[in-house]
Enquirer: 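This is the structure I want to talk about, given as structure tokens.
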Amino acid sequence: MSLSAQAVGHARLHQLAQTHQLKALMTIIRDQNTPRGDFVFYSDRVIRLLVEEGLNYLPVVNKEVITPMGVPFQGVAFEGRICGVSIMRAGESMEQGLRDVCTSVRIGKVLIQRDERTAQPKLYYSKLPKDIANRWVLLLDPMLATGGSAIKCIEVLLEAGVKEERILFINLICSPEGALAMLEQFPKLQIITAEIDEGMDQQKFILPGLGDFGDRYFGTED
């Protein structure tokens, strides 16, 4: 079985429903000729879908309310509090999508870059909510290639007291290698993604991919 097939069939790797709408949105943002304004607009639409899907994996409790008709309604309410953590810089592009869905949500930031001496991911900056250990965490990063930065960030969250089963990794495009590496290292982690790509090239860029997401979103392409 190919790595891509293993990733697609993994119980803790959840793809958005592969609808015509999603395929159309992803085609626009993958197109190298898409202007930045359109890239941002349609990326934001996919991010919103991902956040909405991520919320489906949060626990709920039964709750009864009274409707304006004076009739009780048996519904549910989310159990526990959430926060977002973006992996700088590309992950910051997903913050507004989380805020659009979850008003007044707290968002932390983590900066991880490759150490030029060891070639390993290294933590350079971390600012997390003080009570993050008591929250569910939506970890935000649009592209998952090798998984090195995301794995390091999850280690930072675990050191801060976050329970592994309370971490949801929200991601637009992932390589099967990176996704499977994360899921193997963290057996209680859940990943929510829009699409699983074919793999990576020798330079560890996702294929077919969409290029450098952060540069295209923030307008810093060469």
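All residue numbers refer to positions in the sequence shown, counting from 1.
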Enquirer: Mind checking the CZ-CD1 spacing from R45 to I28? Nearest 0.5 Å is all I need.
Expert: 7.5 Å
Enquirer: Under a 4.5 Å side-chain heavy-atom rule over Ile, Leu, Val, Met, Phe, Trp and Tyr, are L168 and I154 clustered together?
Expert: no
Enquirer: Distance-only, no hydrogens or angles: does the R30 side chain make a donor-acceptor pair with backbone N or O of G209 under 3.5 Å?
Expert: yes
Enquirer: To check you understand the geometry: which heavy-atom pair defines the closest contact between G178 and S175, and what is its length?
Expert: N-OG, 3.0 Å
Enquirer: Which value, rounded to the nearest 0.5 Å, describes the distance between I151 atom CD1 and E184 atom CD?
Expert: 9.5 Å
Enquirer: On a heavy-atom basis, which atom in L210 and which in I29 lie closest, and how many Å separate them?
Expert: CB-O, 3.8 Å
Enquirer: Heavy-atom count around E52 CD within 6.0 Å, excluding the residue itself: above 12?
Expert: yes
Enquirer: Are K122 and K152 close enough that some pair of their side-chain heavy atoms sits under 4.5 Å apart?
Expert: no
Enquirer: Determine the minimum heavy-atom distance between A179 and L13, stating which atoms define it.
Expert: CB-CD2, 4.0 Å
Enquirer: Give the other cluster members for V71, using side-chain heavy-atom distances under 4.5 Å between Ile, Leu, Val, Met, Phe, Trp and Tyr residues; answer none if it is isolated.
Expert: M69
Enquirer: Apply side-chain contact (heavy atoms from CB on, under 4.5 Å) to L172 and T193, showing your working.
Expert: CA-CA 5 Å; L172 269 79; T193 191; 5.9 Å; no
Enquirer: Check this for me, if you would: do D215 and R36 make a salt bridge, where the nitrogen-to-carboxylate-oxygen distance has to be below 4.0 angstrom?
Expert: no
Enquirer: Find out whether I192 and N171 are in side-chain contact, i.e. whether some heavy atom of one side chain is under 4.5 Å from a heavy atom of the other.
Expert: no
Enquirer: For R48 and S43, test the side chains for any donor-to-acceptor distance below 3.5 angstrom and give the result as yes or no.
Expert: no
Enquirer: Would one find more than 12 heavy atoms of other residues, nucleotides or ligands at under 6.0 Å from atom CG of D201?
Expert: yes
Enquirer: Hydrophobic cluster membership, with links at side-chain heavy-atom distances under 4.5 Å among I/L/V/M/F/W/Y: are L98 and V46 in one?
Expert: yes
Enquirer: Heavy-atom distance under 4.5 Å between the side chains of L55 and V101, does that happen here?
Expert: yes
Enquirer: What verdict does the side-chain hydrogen bond (donor to acceptor under 3.5 Å, both in side chains) test give for E53 and H14, after you've listed the backbone C-alpha separation in whole Å, the side-chain angles of each residue and the deciding distance to 0.1 Å?
Expert: CA-CA 9 Å; E53 178 65 18; H14 313 285; over 6 Å; no
Enquirer: Looking at CD of Q15 and SG of C174, how far apart are the two atoms once the value is rounded to the nearest 0.5 Å?
Expert: 7.5 Å
Enquirer: Does some side-chain heavy atom of Q18 sit less than 4.5 Å from a side-chain heavy atom of E195?
Expert: yes
Enquirer: How far does OG of S149 sit from CD1 of I112, to the nearest 0.5 angstrom?
Expert: 5.5 Å
Enquirer: What I want to check is whether the side chains of E92 and S86 have a donor and an acceptor closer together than 3.5 Å.
Expert: no
Enquirer: For I87 versus A150, what's the shortest heavy-atom pair and its separation?
Expert: CD1-CA, 3.9 Å
Enquirer: Hydrogens and angles aside, do D212 and Y217 bring a side-chain donor and acceptor to less than 3.5 Å of each other?
Expert: no
Enquirer: So does F205 have more than 12 non-hydrogen atoms from other groups sitting under 6.0 Å from CZ?
Expert: no
Enquirer: Backbone N or O of K188 within a donor-acceptor pair of the E164 side chain at under 3.5 Å?
Expert: yes
Enquirer: Could you grab the distance from atom CZ of F213 to atom OG of S93, nearest 0.5 Å is fine?
Expert: 4.0 Å
Enquirer: Keeping R81 on the side-chain end and W136 on the backbone end, is there a donor-acceptor pair under 3.5 Å?
Expert: no
Enquirer: Can you name the residues that form a side chain to side chain donor-acceptor pair (under 3.5 Å) with R135, not counting sequence neighbours?
Expert: D131
Enquirer: Going from CG on D38 to CZ on R216, what distance comes out if it is rounded to the nearest 0.5 angstrom?
Expert: 10.5 Å
Enquirer: Taking the side chain as C-beta and beyond, is there a heavy-atom pair between L138 and C102 under 4.5 Å?
Expert: no
Enquirer: Kindly determine whether T146 and E177 satisfy side-chain contact (heavy atoms from CB on, under 4.5 Å), including the steps that lead there.
Expert: CA-CA 6 Å; T146 64; E177 299 96 323; over 6 Å; no
Enquirer: Do L25 and F39 share a hydrophobic cluster (ILVMFWY, side-chain heavy atoms under 4.5 Å, transitive)?
Expert: yes
Enquirer: Do you know which two heavy atoms are closest between V110 and S126, and how far apart they sit?
Expert: CG2-OG, 4.1 Å
Enquirer: Please tell me if the side chains of I167 and L157 come closer than 4.5 Å, counting only heavy atoms from C-beta onward.
Expert: yes
Enquirer: Step by step, work out the side-chain contact (heavy atoms from CB on, under 4.5 Å) result for D141 and F169.
Expert: CA-CA 8 Å; D141 197 9; F169 183 66; 3.8 Å; yes
Enquirer: Are L139 and L180 co-members of a hydrophobic cluster defined by side-chain heavy atoms under 4.5 Å apart?
Expert: no
Enquirer: Between I170 and M94, what is the shortest heavy-atom contact and its length?
Expert: O-CE, 3.5 Å
Enquirer: Does E64 have more than 12 heavy atoms from other residues, nucleotides or ligands lying within 6.0 Å of its CD?
Expert: yes
Enquirer: V162 and I191: same hydrophobic cluster, using ILVMFWY side-chain contacts below 4.5 Å?
Expert: yes
Enquirer: Any side-chain heavy atom of V76 sitting closer than 4.5 Å to one from K63?
Expert: no
Enquirer: Would you mind reporting whether L58 and I82 have side-chain heavy atoms less than 4.5 Å apart?
Expert: yes
Enquirer: Take a 6.0 Å sphere around CD of Q203 and say whether it holds more than 12 heavy atoms from other residues, nucleotides or ligands.
Expert: yes
Enquirer: Please step through side-chain contact (heavy atoms from CB on, under 4.5 Å) for the pair N62 and Q74, ending with a clear verdict.
Expert: CA-CA 7 Å; N62 294 328; Q74 304 298 326; 5.9 Å; no
